[in-house]
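These notes concern the structure reproduced below.
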Amino acid sequence: MIYIIAEHGLYTYRIINIYDGWGVMAIIMNLGCKITKKSIWIAVLFLAIQMAVPFAQVAAKSHEVSGEQLESSPPESSKILSADHSSFDVLNKDFASGLELTKACLSCHNQSAKQVHTSPHWEWSGLNSKTGQTVGKKNVLNGLLMTISSNEPYCTLCHISNKWTEDTFDNKAEEQVDCLACHDTTGTYALKKMHQLRAKCSACHVDFDKSKARDVVRKPDLTKLAKLVGKSSVQTCGSCHFFSDGGDGVKHGDLDSSLFSATKEVDIHMAKDGEGYDCTTCHKTEKHKMQGSRYMPASKDIRGMDVVGGSRATCESCHGIEPHPETVNDKLNDHVARIACQTCHIPALARGGVPTKTYWDWSTAGRLNDEGKAIIEKDGQDRVTYSSQRGSSQWEENVVPDYIWFNGRIEHLTLTDTIDPSGVVQLNSFAGSSDDPESRIWPVKVLRGKQPFDSENMTLVTAHLFGKEGDAYWKAYNWEESIDTGMKAAGLEFSGKVGFVETEMRIPINHMIAPAKDSLQCESCHSKNGRLADVPGVHMPGRGANPIIDYLGIFLILFSLAGVIGHATLRVVLRHRNNRKA
Amino acid sequence: MTNRIYLFTRFERFWHWTQAALIIFMAVTGFEIRTLYHLFGFEQAVFLHTFAAWGLIGLWVFAVFWHATTGEWKQYIPTMDQIVLIMRYYSVDIFSDAPHPYQKTRMKKHNPLQRLVYLSLWVFIYPAIWVSGILYLFYQDWQAWGIAAYLNLEVIGIIHASSGFLIITFLIGHVYLVTTGRTTFIHIKAMITGWEDVDHTGRESD
């Protein structure tokens, strides 16, 4: 008897496993043949086990996360991991330079520099295995500050090296790795980027030395910082990534300084009162290499949850491929196949109060005031709408992204590609279509603008922007000379003739996931003129497809109503007449 | 002199009115999904439409079973006999208060025109709407079912919506015609109680 009951229970368990939502029904049907108290208890027990498994998984995960949270917060004695760096003699001395400090770090972490040297953060260059193109900051061109060649002293403020800014930079030297760039836990090290971070001048320019006619600049206390090193944090990553292309929120729209202290509404994962994640919770890092790439986004992740490997910087690696609670027709989970998670769960960009640039017109740059000095014009919200150095700009908050079919392949226009200046030049192109099973509908930020091009060779150009010499655009406002220098540095030809061409550039959107309550609703897209109104190759109920059917249908209904009413009227009238005759 | 005949059994009446309610409800929610108006909101409309669809499919399974086992399916065997007479009645004679030409009996309760219309509903429109509806609902599984290459969601949508419009057109005609009996509510009463008054020849009119 016990055996039979146990079999009942197991059978029920198996049924529940297969048909989840039908589990309760299965129990009733299964036990219908022989209901005993014991068999019900066993079935309930198995159901309880079944239900407990996901809870246990969630509990295990949240435990893991809170562990990481502790590790990434500014160090207090209780939050030190397996080693207390302040007790190491090798760090307990004055460091003349960052190079000295790095040597001290490497004396224990003897593989770290080797790992960093082969990472995208160091190389700024790499092969896009999906397209065969060589990408990375060193190689690509954008519609913002164009390229880094000839502008290294400015652009490499964000390189994790000690001295790329100087000509003598040896990128093979291990001591050149700037460990503190990522491992400072005090949030004060990003000194060299302070201009970008909009710090107060007096934070570093502590005095003025009259004898040398030069500011006295405070240097970081490397010894103190070295003793407090720890895991990277939102602060360390954000000090570069939130300020891409020269300012807070300029480039991405889903990455800006509001994430340093994000509210739940801005980013449910990173909010301290939300999940409290830092960047590496999702961009899982091993041997100094991070998961995730803006150049090769995972447009569709069908591997799902990865308990062992951890996050691959995709939503699916934590949420699985059926992330929504099952419903009667489960349409929400069906959407996963064709709609990127980001499309519904990032309802708008720049939601944290920091605007992002949506338009950058270089063609108006260079206008100076009567005294020949550079101009800066701002709108009522303190946004720079015009500067002599950078031309005209438009900024926006709560930007609704564009939506496109995207299969993860992005091709970048290069400085050697011929362009057609009569149209809008696409600086990058996102491949994908509804026919391609790898493609999903993705949100992208679109940056529009005008930028200089070689009107004889019909190529885009780069310009030498930053520098103290006369050929730097931000010094002398001469496009021909600054482009000449820029193109020479890039090893490319320049005819000397400058024009301006309209350009567009797209950036995939991944961050600033909103709380579920703020995600898009069905009608955001399933409506006439909804968000996906212009996305081709997809049939969506409610988008108003084939209106001719509606017109015909409504006509048919009206026609039959008219027929019925006409028939009824005739009946009444004619019978009335007949009755009178009679 | 009048006779009463038992035209509609209890199941038949239950089936008829439940189906009527579900069809009207599905039309209301269905046309909202096509965004012809706003009532429940898209998400609720889809949920309710799908929910009602499963109900209606279940009902049809029972109805088909009932028709098959009781032999009532024979009521739908098409016939051209008297069809001209019936059409003449509805287009001409009805206006002069002439009696209905068809004589109902328990096993021949539908006149030839009704037979044709109901049969086409059963054979063409209902299958069209529920096959297209199920394909619509299970779009995600086309690949797994191996039918993705032969189907187009756009076309499925057109078939589904068109069938919906045709059913509503039928409904309008149907509702009107049931009021053209000897008295306005005589047929509706029969559909509620099961019993209909006919004269000694079986004709409905006196």
Side-chain angles (χ1 to χ4, degrees), chain A residues 322 327-338 434 437 521-530 537-579 581-582, chain B residues 27 30-36 38 41-54 90-98 134 136-141 143 148 152-177 179-180 184:
Chain A
E322 288 184 348
T327 58
V328 60
N329 53 341
D330 217 18
K331 276 292 154 203
L332 220 43
N333 279 328
D334 285 353
H335 279 62
V336 172
R338 295 332 303 264
S434 60
Q521 300 299 303
C522 304
E523 274 151 336
S524 309
C525 305
H526 290 278
S527 57
K528 287 166 185 162
N529 307 314
V538 59
H539 172 79
M540 281 169 46
R543 197 164 68 157
N546 302 305
I548 187 83
I549 299 294
D550 297 334
Y551 298 142
L552 284 174
I554 290 166
F555 173 77
L556 192 63
I557 285 172
L558 293 178
F559 185 76
S560 44
L561 276 175
V564 160
I565 291 166
H567 196 271
T569 313
L570 267 178
R571 251 171 72 213
V572 172
V573 171
L574 291 176
R575 276 189 191 183
H576 188 63
R577 193 180 292 170
N578 289 344
N579 287 347
K581 274 182 197 164
Chain B
F31 291 128
E32 173 167 15
I33 293 168
R34 263 190 100 76
T35 52
L36 295 184
H38 187 96
F42 187 89
E43 185 170 8
Q44 276 305 307
V46 169
F47 171 77
L48 294 170
H49 193 75
T50 314
F51 207 82
W54 287 115
Y90 281 115
S91 53
V92 180
D93 295 343
I94 191 169
F95 299 118
S96 56
D97 237 358
I134 284 178
Y136 217 140
L137 195 57
F138 289 96
Y139 172 65
Q140 219 60 33
D141 297 309
Q143 209 74 43
N152 177 313
L153 190 59
E154 193 91 40
V155 175
I156 297 295
I158 290 173
I159 293 173
H160 196 66
S162 309
S163 320
F165 281 118
L166 287 176
I167 289 176
I168 296 309
T169 308
F170 160 78
L171 189 68
I172 292 166
H174 182 68
V175 169
Y176 171 65
L177 287 176
T179 65
T180 61
T184 308

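We use all heavy atoms of the structure for the numbers below, so side chains are in, but hydrogens, waters and symmetry mates are not. Throughout, a chain's letter reflects where its sequence line sits, starting with A, and its residues are numbered from 1.
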Q. If you count heavy-atom pairs under 4.5 Å with chain B, which of I565(A), V573(A), D330(A), I557(A) comes out on top?
A.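 Heavy-atom pairs under 4.5 Å are most numerous for I557(A).
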
**Q.** Between A568(A), S527(A), A337(A), the one whose heavy-atom pairs under 4.5 Å with chain B are most numerous
**A.**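 Option with the top pair count is A568(A).
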
Give the minimum heavy-atom separation between [X] and [Y], together with the two atoms involved.
{"X": "V564(A)", "Y": "G173(B)", "answer": "CG2-CA, 4.4 Å"}
{"X": "E154(B)", "Y": "A545(A)", "answer": "OE2-CB, 3.6 Å"}
{"X": "T169(B)", "Y": "S560(A)", "answer": "CG2-OG, 3.6 Å"}
{"X": "G542(A)", "Y": "F42(B)", "answer": "CA-CE1, 4.3 Å"}
{"X": "R34(B)", "Y": "N546(A)", "answer": "NH2-O, 3.3 Å"}
{"X": "R571(A)", "Y": "T179(B)", "answer": "NH2-O, 3.6 Å"}

Q. Quick one: what part of T50(B) sits under 4.5 Å from any heavy atom of chain A, side chain, backbone, both or neither?
A.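 Side chain of T50(B) only, per the 4.5 Å heavy-atom cut-off to chain A.
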
(Q) Which one wins on heavy-atom pair count under 4.5 Å against chain A: G157(B), S96(B), A161(B)? (A)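 So the answer, after comparing G157(B), S96(B), A161(B), is S96(B).
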
Q: Mind ranking I33(B), V46(B), I94(B) by heavy-atom pairs under 4.5 Å with chain A and telling me who comes out on top?
A: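 Ranked by contacts with chain A, first place is I94(B).
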
Has [X] got more than 12 heavy atoms of other residues, nucleotides or ligands less than 6.0 Å from its [atom1]?
{"X": "F95(B)", "atom1": "CZ", "value": "yes"}
{"X": "N152(B)", "atom1": "CG", "value": "yes"}
{"X": "E322(A)", "atom1": "CD", "value": "no"}
{"X": "Y176(B)", "atom1": "OH", "value": "yes"}

How long is the gap from [atom1] on [X] to [atom2] on [Y], to the nearest 0.5 Å?
{"X": "D550(A)", "Y": "F165(B)", "atom1": "CG", "atom2": "CZ", "answer": "5.0 Å"}
{"X": "D334(A)", "Y": "F138(B)", "atom1": "CG", "atom2": "CZ", "answer": "9.0 Å"}
{"X": "T180(B)", "Y": "H567(A)", "atom1": "OG1", "atom2": "NE2", "answer": "7.5 Å"}
{"X": "I549(A)", "Y": "H160(B)", "atom1": "CD1", "atom2": "NE2", "answer": "13.0 Å"}
{"X": "K331(A)", "Y": "L137(B)", "atom1": "NZ", "atom2": "CG", "answer": "5.5 Å"}

Q) Tell me, do L556(A) and L166(B) make a side-chain contact under 4.5 Å, heavy atoms counted? A)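 In contact.
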
**Q.** Test applied, side-chain contact (heavy atoms from CB on, under 4.5 Å); reference residue, T35(B); option that passes from R543(A), H526(A), E523(A), K528(A)
**A.**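 The single option meeting the side-chain contact (heavy atoms from CB on, under 4.5 Å) with T35(B) is K528(A).
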
